[in-house]
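Everything below concerns the one structure shown next.
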Amino acid sequence: MKRLFFIFLLCPVFCAAQHETRIDSLLGRMTLHEKAGQLNQLDGRGTIDQLKELIRRGELGSVMNVMDPVMVNELQRIACEESPARIPLVFARDVVHGFKTMLPIPLGQAATFDPELVKQGARMAAAEATEHGIRWSFAPMADISRDARWGRIAEGFGEDTYLNAVMAAAVVEGYQGKELADPSSMAACVKHFVGYGAAEGGRDYNATHLTERQMREFYLPPFHEAVQAGCASVMTAFNDNDGIPCTANRFLLHDVLRGEWGFDGVVVSDWGAVGELVTHGYAGDRADAAVKALTAGTDMDMSSKIYIENIEKLVASGRLTEAEVDAAVRRVLRLKMRLGLFDNPYTEIAARSVTGGDAHLAVARKAAEESVVLLANRGTLPLGNFKKIVVAGPLADAPHDQLGTWTMDGDTAQTRTPARVLKARYGKRVEFIPALRYSRDRDTSDFARVAAAAAGADAVILFLGEEAILTGEAHSLAGLELQGAQTALLERLAATGTPVVAVFMAGRPLAIPRECTLSSAVLYAWHPGTMGGEAIADILTGKANPSGKLPASFPRMSGQSPLYYNHSSTGRPASGKEKPIEQIPVNARQSVLGHSSYYLDAGSKPLFPFGFGLSYTTFELGGLTLSADSISQNDTLRVSVTLRNTGRREGTQALQLYVRDHGGSVTRPVKELKRIARVTLAPGASERVEFTLTTADLAFWGADMRLRAEPGKFTLTVGMDSQSGLSAPFSLAE
Ligand code: BGC
């Protein structure tokens with residue numbers, strides 16, 4: 001038994017050694033041209049005959065966006081039987097939040113604060129995508145985003161480093177399964193390395209100006225966590241940081257990723273990013289771009305064809321060495337070995353498909369349910385027995401938009417929209433008048449009709465938000481207010497005196513202070529995916545109790561961006577008592593307002609803070625205890641707190657543990673999330689919830705750019721959002 005266990009433990013080591021031996025022998029047989037071919041990744045849409053020719057000549061290592069398993073197998077057969085080195089292809093696709101069965105957008109998944117569920121969702125997506133021949137997904141996106149103007153905030157897990165880290169790792173584990181070689185597993189690709197979410201002004205592709213410390217403290221850890229979870233690949237980001245495009249940043253790719261973290265998987269460029277080194281003004285020409293990207297550590301060239309066109313010439317002229325090329329090829333071959341493609345290159349054409357099945361719909365429904373955040377409730381929700389409700393708004397029946405950005409394969413025919421679900425469940429008691437056809441619509445001609453219907457109803461459920469096309473890549477906004485005549489519609493309906501429940505479907509935090517004032521209750525459902533309508537209907541009617549928490553701070557005004565809870569204190573933090581602009585005396589002297597860090601017109605606080613989300617029940621926290629009030633390096637701190645459900649229905653609370661370090665060799669954020677725990681309690685029930693922290697959780701990159709916990713005073717807070725909770729001090733001894 002003992003021996004078996006030992007063999008089991010050693011198996012990965014043997015497999016890895018075997019892989020390397022096989023790769024050595026392949027490299028020994030390949031021409032430089034074939035090697036360059038392995039580093040070439042191209043889109044398969046619309047160019048199949050040309051593609052077949054490239055494969056036959058050994059000029060292609062990976063194909064994107066072919067999802068017909070019969071075609072995948074045909075291309076694979078050419079690679080395995082007709083190409084010179086007989087090396088299988090790896091087929092890739094952006095499976096970002098589901099394949100056909102769409103989960104909520106990643107930002108919505110982050111709102112679940114439930115990494116186990118996110119992992120389950122990723123596993124489901126892998127099962128569907130691999131059935132279609134896809135073995136490599138360009139996800140998770142682990143870009144911290146503190147700026148809702150950036151369209152791609154939808155694709156990631158929000159503003160917090162810890163939340164991004166646990167969610168990115170969950171997706172990696174879900175995609176890759178127990179064994180990457182399992183045909184239902186898919187290699188993950190954590191992207192975009194790194195700092196992309198800090199695009200200046202929230203405008204996509206824009207430059208970033210992050211210091212090494214900001215990189216290491218906030219932006220790199222989610223990638224590190226994904227790598228530690230075994231992530232098979234990493235994608236470089238489009239942006240240049242401090243003047244160096246990420247696709248050619250040797251410090252980040254070579255020194256940090258490979259050197260410090262020991263990453264031995266593939267680094268793939270983002271789409272055309274090697275070519276864009278020229279556009280950035282960083283490479284003089286395409287050949288120079290190849291040298292800069294490859295020597296920095298970008299192994300595979302996605303779609304710019306620069307490697308395949310230049311590598312041989314560059315080796316001949318001595319600007320690249322064959323050893324540098326071999327190192328990149330080795331990593332591509334290693335990925336293919338790990339995926340088991342050399343032994344099992346073909347996709348089994350499933351006799352019974354799992355795609356879109358009930359089990360998958362159930363996961364998507366649960367994810368949608370847990371992602372919904374209750375932002376306000378003045379007693380209207382859950383809806384009691386009603387005679388009539390009016391359902392309105394441009395997102396009530398938007399099967400395409402509710403799937404969100406990066407819905408490449410999602411089937412709109414399967415989408416359960418709230419309007420259709422509510423109508424199916426309650427028949428004539430539901431009157432549906434959209435009043436606006438899409439989020440930017442300014443045609444108010446139906447407003448009188450919907451207002452008349454609302455006047456005689458128990459409640460209006462108004463679905464507001466943004467179309468999927470206003471979110472995602474290259475879809476940044478300068479203003480975060482609702483588009484079109486949506487606010488006017490809400491004003492009109494609120495004026496009827498009938499309670500209005502506003503349900504937002506959006507890819508980003510929107511600036512909605514007025515909308516929240518006008519509504520009796522507010523739900524934020526992100527773009528909730530295929531099963532969004534079922535989940536929202538369950539929540540509206542009380543069949544389900546909302547438990548989502550905001551993964552990003554909500555601004556009152558667009559101009560507050562970037563906005564995030566874990567900011568620096570500044571030397572003059574706002575007290576929260578600053579005068580609003582209306583109260584500023586006319587002709588006041590310059591010093592009358594004091595000197596603190598806030599906006600005259602927006603204050604210092606978000607509309608809703610990170611981590612915020614209500615429930616239909618109420619919770620109380622008590623009895624916070626720490627195992628010690630002072631710990632030493634390498635000690636563990638045990639924290640416990642009692643959570644009680646003080647309301648009348650079962651509910652789930654996502655508890656959040658934050659730490660503030662009161663002094664260091666560099667200034668520390670006012671708060672940092674360190675742990676989360678979802679706890680479900682029956683009415684009246686309570687539970688003692690335990691957390692453990694180690695001094696590693698207190699570590700940061702000090703003035704000497706070394707990672708360690710520095711002695712001093714800390715405050716620990718356990719709360720139900722980032723702005724409240726129970727606190728206790730502790731210290732770390734010398
Ligand atoms: C995006 C990536 C994506 C790639 C492939 C790029 O434009 O930035 O996130 O994975 O395209 O589709």
Side-chain angles (χ1 to χ4, degrees), residues 96-97 104-113 118 138-168 171 190-210 214-215 217-223 225-226 235-239 241 246 270 371 373 404-406 466 468 470-480 506-511 524 526-527 549-555 558-567 606-612 669 672-673 722:
V96 175
H97 57 109
I105 54 169
L107 190 61
Q109 292 184 49
T112 67
F113 273 51
V118 169
F138 299 135
M141 187 185 100
D143 294 315
I144 304 291
S145 178
R146 299 163 160 185
D147 195 331
R149 294 172 298 177
W150 190 51
R152 302 198 82 166
I153 193 173
E155 294 175 48
F157 304 111
E159 75 188 35
D160 182 62
T161 300
Y162 175 79
L163 192 59
N164 266 271
V166 294
M167 291 303 184
V171 172
V190 65
K191 68 187 186 184
H192 306 83
F193 196 75
V194 54
Y196 184 34
E200 194 176 52
R203 180 163 54 78
D204 205 9
Y205 311 130
N206 209 358
T208 60
H209 305 281
L210 299 168
Q214 287 168 317
M215 277 284 186
E217 178 155 355
F218 298 109
Y219 291 84
L220 283 166
F223 288 85
E225 193 75 17
M235 186 188 292
T236 66
F238 282 128
N239 57 295
N241 186 61
C246 293
D270 201 344
S371 74
V373 185
T405 188
W406 280 121
E466 52 183 1
L470 302 184
T471 76
E473 183 176 354
H475 296 85
S476 293
L477 288 169
L480 298 171
R508 54 163 65 78
L510 291 169
Y524 215 86
W526 319 100
H527 286 135
K549 297 284 185 174
L550 296 180
S553 306
F554 270 48
S558 312
Q560 279 176 293
S561 309
L563 185 66
Y564 50 102
Y565 81 93
N566 50 347
H567 54 79
L607 178 63
F608 298 108
F610 174 84
F612 178 80
E672 294 171 90
L673 183 66
S722 61

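All figures in this text were calculated on a predicted structure; none of them were measured in a lab. What's counted below: heavy atoms across the whole structure, side chains too, no hydrogens, waters or symmetry copies.
- Aromatic pair Tyr524/Phe554: centroids less than 6.0 angstrom apart.
- Shown here are the side chain to side chain contact (heavy atoms under 4.5 Å, CB included) partners of Ala142, two or more places apart in sequence or in another chain: Ala168, Val190, Pro222, Phe223.
- No side-chain donor-acceptor contact under 3.5 Å links Asn241 and Tyr196.
- Residues passing the side chain to side chain contact (heavy atoms under 4.5 Å, CB included) test with Thr236 are Thr247, Leu253, Val267, Ser269, Thr298, sequence neighbours excluded.
- Nearest heavy atom pair, residue Leu107 against residue Pro551, reads O-CG, 3.4 Å.
- Here CH2 of Trp526 is found 7.0 Å from CD1 of Ile105. Values are rounded to the nearest 0.5 Å.
- We find the CG-CG distance between Leu673 and Asn566 to be 9.0 Å, quoted to the nearest 0.5 Å.
- Counting only heavy atoms from C-beta outward, the side chains of Ser553 and Pro509 never approach each other to under 4.5 Å.
- Electrostatic pairing of Glu473 and Arg152 counts as a salt bridge here, judged by a charged N lying under 4.0 Å from a carboxylate O.
- Ring planes of Tyr564 and His567: perpendicular class, angle over 60° (limits at 30 and 60°).
- Residue Ala165 comes nearest to Glu225 through the heavy atom pair O-CG, 3.5 Å, listed as atom of the first residue, atom of the second, then distance.
- When the options Asp143, Asn206, Asp204 are evaluated for a side-chain hydrogen bond (donor to acceptor under 3.5 Å, both in side chains) with Trp150, the one that passes is Asp204.
- Arg149 and Ser561 make their closest contact through NE-CB, 3.6 Å (heavy atoms, listed as atom of the first residue, atom of the second, distance).
- Between the CD atom in Glu159 and the CG atom in Leu550 there is a gap of 9.0 Å [rounded to 0.5 Å].
- Scanning both residues, Met167 and Ala110, for their nearest heavy atoms gives CE-O, 3.9 Å.
- Contact check for His192 versus Met141: side-chain heavy atoms found under the 4.5 Å cut-off.
- Interatomic distance, Phe138 CZ to Asp270 CG, rounded to the nearest 0.5 Å: 8.5 Å.
- Between Ile153 and Asp147 the shortest side-chain heavy-atom distance does not fall below 4.5 Å.
- The backbone N or O of Gly479 sits nowhere less than 3.5 Å from a side-chain atom of Ser558 that would complete a donor-acceptor pair.
- Residues Thr405 and His475 fail the side-chain proximity criterion, which asks for heavy atoms closer than 4.5 Å.
- Between Phe238 and Tyr205, the two ring planes are perpendicular [angle over 60°; tilted spans 30° to 60°].
- Atom-to-atom distance recorded for Phe612:CZ and Ser722:OG is 10.5 Å, nearest 0.5 angstrom.
- Nearest heavy atom pair, residue Phe157 against residue Leu163, reads O-CD2, 4.0 Å.
- Using a distance-only test at 3.5 Å, with no hydrogens or angles considered, no donor-acceptor pair links the side chain of Arg508 to the main chain of Glu466.
- In plain terms, the two heavy atoms of His527 and Ala468 that are nearest each other are CE1-CA, 3.9 Å.
- The structure places OH of Tyr219 at 10.0 Å from CG of Asn164, a figure rounded to the nearest 0.5 Å.
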